[in-house]
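Okay, so here's the structure we're looking at.
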Amino acid sequence: MREVIERAETVTRTTVRRGPAKLRLPEDIYEWQHALAQLQNAVRAGRLAGFHEVLMRYLEATAAVVRERQEHIEQRVAGLVPAPRPPRPQGSKKKRRKRR
């Protein structure tokens, strides 16, 4: 037996969420190339007013972190900062002796 469909209805729902949207970063080189090309086109078209100022601010903050990390590495090489300790073995001494 066949069913006859007399009419079909389409229901569209719109959901508005408050707060920042979740950002999904590109995962491989091709996605990065595509995302950067879109960003470049948007900047050239003037759709991102003030983009250069925001970009410079983030680049300066990133450079400061890189400089700080580089200084820390140089101090460690010079022996001014002790190297991190290796992780301690898990379990009690008695259990470790049994394992040997």
Side-chain angles (χ1 to χ4, degrees):
M1 177 178 227
R2 291 187 176 180
E3 293 182 27
V4 178
I5 299 174
E6 293 181 15
R7 65 183 170 162
E9 293 182 16
T10 303
V11 177
T12 304
R13 291 186 193 168
T14 303
T15 304
V16 177
R17 295 188 177 147
R18 304 218 185 269
K22 290 184 179 180
L23 178 66
R24 187 183 86 68
L25 291 175
E27 295 180 5
D28 61 13
I29 188 67
Y30 302 108
E31 288 182 6
W32 274 106
Q33 286 174 336
H34 179 72
L36 291 172
Q38 286 182 330
L39 179 61
Q40 186 179 32
N41 292 337
V43 170
R44 284 185 177 151
R47 292 191 306 258
L48 295 176
F51 173 75
H52 297 293
E53 291 82 14
V54 173
L55 180 62
M56 288 302 296
R57 194 167 51 240
Y58 281 116
L59 288 174
E60 288 169 358
T62 303
V65 170
V66 169
R67 281 191 299 271
E68 177 183 311
R69 193 71 193 142
Q70 181 65 30
E71 289 172 3
H72 184 76
I73 291 170
E74 288 172 359
Q75 288 176 354
R76 183 181 295 167
V77 169
L80 300 176
V81 176
R85 293 182 180 179
R88 297 182 68 183
Q90 297 295 320
S92 67
K93 288 182 183 180
K94 192 174 188 179
K95 287 181 181 178
R96 280 185 271 149
R97 280 190 213 127
K98 281 185 177 182
R99 279 189 244 153
R100 290 182 190 174

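- To the nearest 0.5 angstrom, Glu74 atom CD is 12.0 Å from Arg69 atom CZ.
- Taking Ile, Leu, Val, Met, Phe, Trp and Tyr as hydrophobic and joining them when side-chain heavy atoms fall under 4.5 Å apart, one finds Ile29 in a cluster with Tyr30.
- Remark: Leu59 CG to Arg57 CZ distance equals 11.0 Å, nearest 0.5 Å.
- The two residues Arg67 and Glu60 come nearest to each other via the heavy atoms NH2-O, 4.5 Å.
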Using side chain to side chain donor-acceptor pair (under 3.5 Å), reason through Glu68 and His72 one step at a time and then give a plain yes or no. CA-CA 6 Å; Glu68 177 183 311; His72 184 76; over 6 Å; no

